[in-house]
Amino acid sequence: MFPSVNEQMDLIRYGAVEIIPEDELVKKIEKCIKTNTPLRIKLGADPTRPDLHLGHAVVLHKLRHFQDLGHVAVLIIGDFTGMIGDPTGRSKTREPLTLEKAAENGRSYLEQATIVLKKENLEVRHNSEWLGRMTFRDVIELSAKYTVAQLLERDDFSKRYHSGIPISVHELLYPLAQAQDSVAIKSDVELGGTDQKFNLLVGREIQRMNGMEPQCILTMPILEGTDGVEKMSKSYDNYIALTEDPNNMFGKVMSIPDELILRYYQYALFSDLEEIQKIKLGLENGTIHPRNCKVELGKRIVAKYHNSDEADKAFEYFEKVIKNKEIPDDIQDYFLDSPITELMIQDILVSSNLCPSKKEAKRIIEQGGVYVDSVKIDDPFQKIHISEPKIFKVGKRKFLRIAHKKYN
RNA sequence: GGGUAGGUACCGAAGCGGUUAAACGGGGCAGACUGUAAAUCUGCUGGGCUCCGCCCUACGGAGGUUCGAAUCCUUCCCUGCCCA
């Protein structure tokens, strides 16, 4: 029924940073094989931000590995904890989320997560189910199990504390709430990024205090964003969303610095280690050109999240529009609802949402970033006839075919 | 409860009665360059007006002093730190 311990551990170890404690996990797996009972693998999802990206996918893939081994993935939508917002890595208190908003984000989260996860062996839970029912007394009992000093061990808490940045009490409670999830769903293993290590360990502690066998924890690396410096995150705008359209997805992969290529092969693609080794050698001895390698990486990532047809198209688009600065084939149409057919270029750019304001439109025009039918426009007040559709280009990759709306 | 330091644009941070749409840095955008949407360099970076000038909005909130305030006064809100 279940693969052997070694087989399982090989897959589980792939890409993992830490497994704490590893021997306990081995024991759990042995027991699972013996009793033919799948392990319950927990992953908590923070529904504060609705867009999942390749960074989130790293740990989702690990969860998928467990599913493939026959274990149960317990995905927790933190609709309740979303009201607190995990302060991990943040130097600022998060904006609280309403339960409704959290639930809505949770739905879209699930939709995106199942791009990576399979629907079999998947249990989805919302933590408002148990956290929302706790009374103040329950909360006091829970918080009595941990000390302020223990909580302040957490790096970002202590940093904030020592540099005088406010920490609200509810933020301190977050790790305990997350730990309570582990108690509620009786997890055997909890997954998370390395930045989650503290929270995951608290879960162990709290489970033990509730007389349960503590969960093992497994941490995955934090994937760097396209800038190659910061972790991939929406707030740094260096992310590649799972639902990113093929052209953007490919382009964003192309924009990663060369040093990140191998890391993306490993953690965005989960390629075989032998293959990664081969690429590494090739890059080192010059038999593989980094650009071609990145093209391949981009195509494969697009193929993974879309399909290989889209991947080829995205590559062609990139070659054409970015490399050769040509006009793409498929440009969206926009029909201006205006009684006049001759309008100032700056007005056209604003009404078609190519620019957010006239000032901005003016700026870009004056800086030489605007072309109409491949002719550079340098006067923001120049009038353009749009009785027939014209192709507007703003910056490197914003295109729109604009025409006057026809009334019949 | 007492004391003290603060709250400035997307973020960090200067300014402390007029020359301030607000230095500087980051970010963002545009241009050049490039295998690249990387790196680097250059420029721009509140909004409106046919616009080389004018008009709005803006320095935690609300009032006030003044010809004139982000800068002074009053009051309220928020935050750090120290002492209880």
Side-chain angles (χ1 to χ4, degrees), chain A residues 54 89-95 157-171 224-230 232-241 244-264 282-283 286-299 301-302 314-326 328 340 342-351 353-371 376-384 392-399:
Chain A
L54 292 182
R90 305 203 139 228
S91 52
K92 232 188 244 177
T93 307
R94 263 186 206 269
E95 282 301 306
F157 282 151
S158 69
K159 269 194 196 138
R160 278 165 71 176
Y161 188 68
H162 289 297
S163 50
I165 298 164
I167 306 171
S168 300
V169 175
H170 73 292
E171 294 182 86
E224 291 80 4
T226 52
D227 57 5
V229 183
E230 300 289 350
M232 187 177 283
S233 153
K234 201 170 181 182
S235 35
Y236 293 126
D237 196 24
N238 62 359
Y239 68 103
I240 303 177
E244 200 90 54
D245 72 73
N247 290 348
N248 275 334
M249 193 177 256
F250 185 86
K252 283 185 177 184
V253 173
M254 289 306 285
S255 81
I256 65 169
D258 294 351
E259 306 81 71
L260 233 54
I261 293 176
L262 289 171
R263 225 168 139 72
Y264 271 52
L283 285 173
T287 50
I288 298 178
H289 192 287
R291 190 207 178 246
N292 298 337
C293 190
K294 231 149 64 167
V295 166
E296 177 65 18
L297 176 68
K299 279 188 182 176
I301 289 177
V302 175
F315 168 65
E316 280 160 28
Y317 175 89
F318 187 84
E319 289 289 299
K320 192 168 181 162
V321 178
I322 305 301
K323 202 174 156 196
N324 301 329
K325 297 181 203 277
E326 290 168 24
I340 324 166
E342 194 189 42
L343 289 163
M344 275 192 283
I345 177 74
Q346 60 167 1
D347 292 322
I348 296 174
L349 296 185
V350 174
S351 343
N353 296 320
L354 280 167
C355 294
S357 71
K358 285 193 193 175
K359 281 273 185 196
E360 175 122 11
K362 206 172 155 184
R363 232 175 272 139
I364 299 178
I365 292 164
E366 282 166 355
Q367 287 172 147
V370 174
Y371 290 78
K376 188 192 271 189
I377 305 293
D378 46 21
D379 175 15
F381 302 112
Q382 183 169 332
K383 290 191 171 171
I384 308 284
F392 288 72
K393 179 185 182 195
V394 176
K396 280 194 184 80
R397 45 199 175 96
K398 272 156 90 178
F399 294 92

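Throughout, a chain's letter reflects where its sequence line sits, starting with A, and its residues are numbered from 1.
If you take atom P in U71(B) and the same atom in U65(B), they sit 15 Å apart, rounded to whole Å. On the P atoms, U40(B) is 42 Å away from C55(B), given to the nearest whole Å. Comparing the P positions of A14(B) and G60(B) gives a spacing of 14 Å, expressed to the nearest Å.
The phosphate of G47(B) has OP1 or OP2 within less than 4.0 Å of a side-chain N or O from Ser357(A). OP1 or OP2 of G47(B) sits under 4.0 Å from a side-chain N or O of Arg363(A).
A salt bridge does not link Glu296(A) with Lys299(A): every distance from a Lys NZ or Arg NE/NH1/NH2 to an Asp or Glu carboxylate oxygen is 4.0 Å or more. A salt bridge links Glu319(A) to Arg291(A): one of the charged nitrogens lies within less than 4.0 Å of a carboxylate oxygen. A salt bridge between Arg160(A) and Glu171(A) is present, with a side-chain N of the basic residue lying under 4.0 Å from a carboxylate O of the acidic one.
The residue Lys362(A) sits close to a base: some heavy atom pair falls under 4.0 Å. Among the atoms of the strands shown, base atoms are found under 4.0 Å from some heavy atom of Asn247(A). As judged by a 4.0 angstrom heavy-atom cut-off over every strand, Gly251(A) is placed among the base-contacting residues. Residue-level contact check: Lys393(A) touches neither bases nor backbone, having no heavy atom under 4.0 Å from any strand. Residue contacts for Glu259(A): at a heavy-atom cut-off of 4.0 Å it reaches no nucleic acid atom on any strand shown. Asp227(A) comes within contact range of no nucleotide atom at all, as no heavy-atom separation falls under 4.0 Å.
Stacking of Lys294(A) on the aromatic ring of Tyr264(A) is not recorded, the 6.0 Å distance cut-off and the 45° axial limit not both being met.
Glu316(A) is not listed as a side-chain neighbour of Lys320(A), based on a closest heavy-atom distance of 4.5 Å or more. In this structure, Glu224(A) and Val229(A) have side chains that are not in contact, with every pair of non-hydrogen atoms separated by 4.5 Å or more.
Set against C51(B), C81(B), G31(B), the side chain of Tyr161(A) has C81(B) as its closest nucleotide. Relative to the side chain of Met254(A), the nucleotides G48(B), A30(B), U36(B) differ in distance, and U36(B) lies closest. In this structure, of C29(B), A38(B), G31(B), it is A38(B) that holds the atom nearest to the side chain of Ser255(A). Of the candidate nucleotides G48(B), U79(B), G35(B), G35(B) has the atom nearest to the side chain of Lys323(A).
Nucleotide C51(B) carries a syn base; the chi torsion (O4'-C1'-N9-C4 or O4'-C1'-N1-C2) is within 90° of 0.
When rounded to the nearest whole Å, the span between CG of Leu260(A) and P of A39(B) equals 12 Å. Between the P atom of G28(B) and the NZ atom of Lys398(A) lies a distance of 15 Å, rounded to the nearest Å. If you take CG of Asn238(A) and P of C11(B), they are 19 Å apart, rounded to a whole angstrom. Taking atom CD1 on Ile377(A) and atom C1' on G31(B), their separation rounds to 17 Å, with Å as the unit.
Nearer to the 5' terminus of RNA chain B, by closest-nucleotide assignment, is the contact made by Lys294(A) (compared with the other of Lys294(A) and Lys383(A)). Between Ile322(A) and Gln367(A), the residue whose closest nucleotide on RNA chain B is further toward the 5' end is Ile322(A).
Side-chain N/O atoms of Asp258(A) and base N/O atoms of G35(B) include a donor-acceptor pair closer than 3.5 Å.
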